[in-house]
Amino acid sequence: MKQDLKSMTLAEMQDAFAAIGEPKFRAKQVFVWLHRGAASFDEMTNLSKPLRQRLDGLYDITAPEIVRKLQSQKDGTIKYLWKLRDGNCVESVLMQYHHGNSICISSEVGCPMGCKFCASTLGGLVRRLEPSELLDQVIFAQKDSGMEISNIVLMGIGEPLDNFDNVMRFLELVNSPEGMNISMRHISLSTCGLVPKIDELAKRKLQLTLSVSLHAPNDEVRDRIMPVNKAYPSEELLAACRRYYQATSRRISFEYAMIDGVNDRPEDAKELLRRLKGLPAHFNLIPLNHVEESPLKPSTRAAVAAFQKTLEDGGVTATVRRTLGGDIDASCGQLRRKYNQSKEKR
Ligand code: SAH
């Protein structure tokens with residue numbers, strides 16, 4: 001098996017090139033090509049032909065194939081379904097905001113976490129993505145769309161903290177000045193609440209935004225919709241959030257999918273306020289995206305507005321997530337699922 005070159009840091013590439021007698025600057029040239037989306041060594045025209053052939057014999061370059069590309073007529077949001085080299089598919093969504101273009105990327109093929117409202121987890125985990133495959137979603141979306149990407153959210157298919165080492169390496173790669181050069185402050189990582197991994201992340205003291213998918217005011221509700229809560233009950237999760245804040249001084253962003261009659265009463269918002277006391281937090285209220293296979297329904301607009309007001313009155317900022325790409329199944333897991341189902345039928 002040839003080695004996956006794009007998963008290497010520049011320093012590692014320099015060492016690997018030194019070991020085969022190539023000068024350091026060659027590694028940098030290759031690194032720059034890869035991070036600009038070169039799909040083969042032949043594209044690297046500032047390298048000699050013999051060197052290109054030699055590298056091709058040693059290393060593999062990942063380059064996902066676009067199997068579906070949908071663009072919203074309403075807001076320009078683009079959804080990509082990528083086929084990876086082993087035939088598995090993952091999704092990314094490229095969104096335009098006032099502050100720049102933001103891409104939501106997947107961290108795994110499928111997901112092991114089993115949240116009851118989520119389409120990504122219906123078939124379980126297939127495999128974790130390599131650092132290069134995480135990076136490719138950013139590189140090739142930018143290359144294909146011609147839109148410069150300045151923000152990344154790890155909120156697509158999968159649980160990023162279940163793929164911890166590869167995600168950490170991806171962050172280092174996408175942050176490198178010779179590559180995409182995207183600052184940590186422009187990156188958000190979303191987790192369903194793997195407490196030991198949150199503690200491990202805290203130790204790294206990265207300036208990224210940690211988003212925690214809370215979705216419930218207490219264990220009684222959370223146990224019903226998020227199996228992870230059995231392993232790490234909400235009290236432990238909130239304690240980890242407090243430790244994270246102490247270590248990084250970064251305010252936690254809580255995601256809260258509003259589900260009709262399940263977690264959307266004013267008492268639920270009040271309970272949250274009591275439990276979060278003293279922890280600087282922001283709430284992202286997301287009206288549930290209805291998934292065909294699930295009986296759960298989105299909250300009414302009035303319930304969302306009332307919930308938001310209760311949080312705000314209690315001193316916790318809360319925004320209602322603007323839904324983008326509603327006409328293209330832009331929420332995570334839906335496109336991959338449809339594609340896999342249509343393949344099974346054939
Ligand atoms: N595994 C990570 C990141 C992926 S999901 C996590 O759990 O945070 C990104 C966000 O979308 C999570 O907050 C997730 O709970 C939420 N989500 C999943 N399905 C949803 C749906 N049908 N409607 C609204 N939000 C959903």
Side-chain angles (χ1 to χ4, degrees), residues 79 90-93 95 102-126 128-129 134 137 152-164 166-167 170 187-195 197-198 201 208-216 221-222 224-229 231-232 234 237 240-241 244 252-260 262-264 281-299 303-304 307 318-326 329-338:
K79 178 139 191 173
V90 290
E91 299 168 30
S92 321
V93 186
M95 295 158 287
S102 179
I103 190 162
C104 174
I105 65 168
S106 297
S107 55
E108 301 182 310
V109 179
C111 183
M113 305 313 310
C115 299
K116 295 285 185 272
F117 43 81
C118 180
S120 299
T121 197
L122 288 166
L125 176 71
V126 178
R128 301 183 171 99
L129 294 184
L134 290 155
Q137 298 173 60
I152 300 174
V153 294
L154 280 146
M155 280 189 197
I157 298 170
E159 167 53 47
L161 296 187
D162 179 59
N163 188 12
F164 193 86
N166 288 349
V167 166
F170 156 72
I187 300 178
S188 296
L189 184 154
S190 179
T191 179
C192 64
L194 299 178
V195 166
K197 300 292 180 188
I198 292 175
L201 186 65
L208 53 73
T209 299
L210 179 65
S211 293
V212 173
S213 299
L214 193 57
H215 302 327
V221 177
R222 203 163 190 265
R224 265 162 53 205
I225 54 177
M226 298 180 74
V228 66
N229 200 63
Y232 306 110
S234 60
L237 175 58
C241 291
Y244 189 88
I252 309 280
S253 170
F254 287 102
E255 283 155 280
Y256 199 93
M258 305 266 321
I259 312 173
D260 187 39
V262 173
N263 63 2
D264 64 348
H282 173 87
F283 266 77
N284 228 322
L285 304 176
I286 317 159
L288 184 81
N289 250 299
H290 180 63
V291 172
E292 261 169 53
E293 289 86 344
S294 157
L296 302 171
K297 301 251 152 31
S299 302
V304 176
F307 201 90
T319 44
V320 179
R321 167 118 22 113
R322 191 159 67 100
T323 47
L324 291 173
D329 276 342
S331 49
C332 31
Q334 297 187 6
L335 190 58
R336 168 173 172 264
R337 190 154 175 81
K338 282 194 183 159

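No hydrogens, no waters, no symmetry mates; every other heavy atom, side chains included, goes into these values. Order of listing sets the numbers, starting from 1, for every ligand and every atom in it.
- Within the 4.0 Å heavy-atom criterion, neither part of H290 lies near ligand 1.
- Numbered from 1 in the order shown, with element, the atoms of ligand 1 that lie under 4.0 Å from a heavy atom of V291 read 22 (N).
- Taking a cut-off of under 4.0 Å to the non-hydrogen atoms of C192, the atoms of ligand 1 that pass are 6 (C), 7 (O), 8 (O).
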* Could you walk me through whether F117 and H215 pass the ring-ring contact (aromatic ring centres under 6.0 Å, His included) test, one step at a time? => CA-CA 10 Å; F117 43 81; H215 302 327; 5.0 Å; yes
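- Using 4.0 Å as the threshold, H215 has a heavy atom nearer than that to some atom of ligand 1.
- Applying the 4.0 Å criterion to heavy atoms of C118 picks out, from ligand 1, the atoms 18 (C), 19 (N).
- Scanning all heavy atoms of the two residues, the minimum distance from L161 to L194 falls at C-CD1, 3.9 Å.
- Which parts of ligand 1 touch E255 is read off a 4.0 Å heavy-atom cut-off, strictly below it: atoms 10 (C), 12 (C), 13 (O).
- No side-chain heavy atom of R128 sits under 4.5 Å from any side-chain heavy atom of S107.
- At a 4.0 Å cut-off, at least one heavy atom of G156 sits close enough to ligand 1 to count as contact.
- Atom CD of E293 is surrounded by more than 12 heavy atoms from other residues, nucleotides or ligands within 6.0 Å.
- Paired with R321 under the rule side-chain contact (heavy atoms from CB on, under 4.5 Å), one option of N284, L285, V304 passes, and it is N284.
- Any N or O atom pair closer than 3.5 Å counts here, and G158 shares at least one such pair with ligand 1.
- Remark: the T191 side chain and the E159 side chain contain an N/O donor-acceptor pair separated by less than 3.5 Å.
- The closest approach between S294 and ligand 1 stays at or above 4.0 Å for every heavy atom of the residue.
- Put simply, the side chain of F170 reaches to within 4.5 Å of the side chain of I152, judged on heavy atoms.
- Under the 6.0 Å cut-off for aromatic ring centres, F283 and F307 do not qualify, their centroids lying 6.0 Å or more apart.
- The contact set between ligand 1 and S190, taken as ligand atoms under 4.0 Å from a residue heavy atom, comprises 2 (C), 3 (C), 6 (C), 8 (O).
- Between N229 and R222, the side chains place a donor N or O and an acceptor N or O closer than 3.5 Å (distance only, hydrogens not considered).
- Near T191, meaning under 4.0 Å from one of its heavy atoms, ligand 1 places the atoms 6 (C), 7 (O), 8 (O).
- Within the 4.0 Å heavy-atom criterion, neither part of I157 lies near ligand 1.
- Ligand 1 has a nitrogen or oxygen under 3.5 angstrom from a nitrogen or oxygen of F117.
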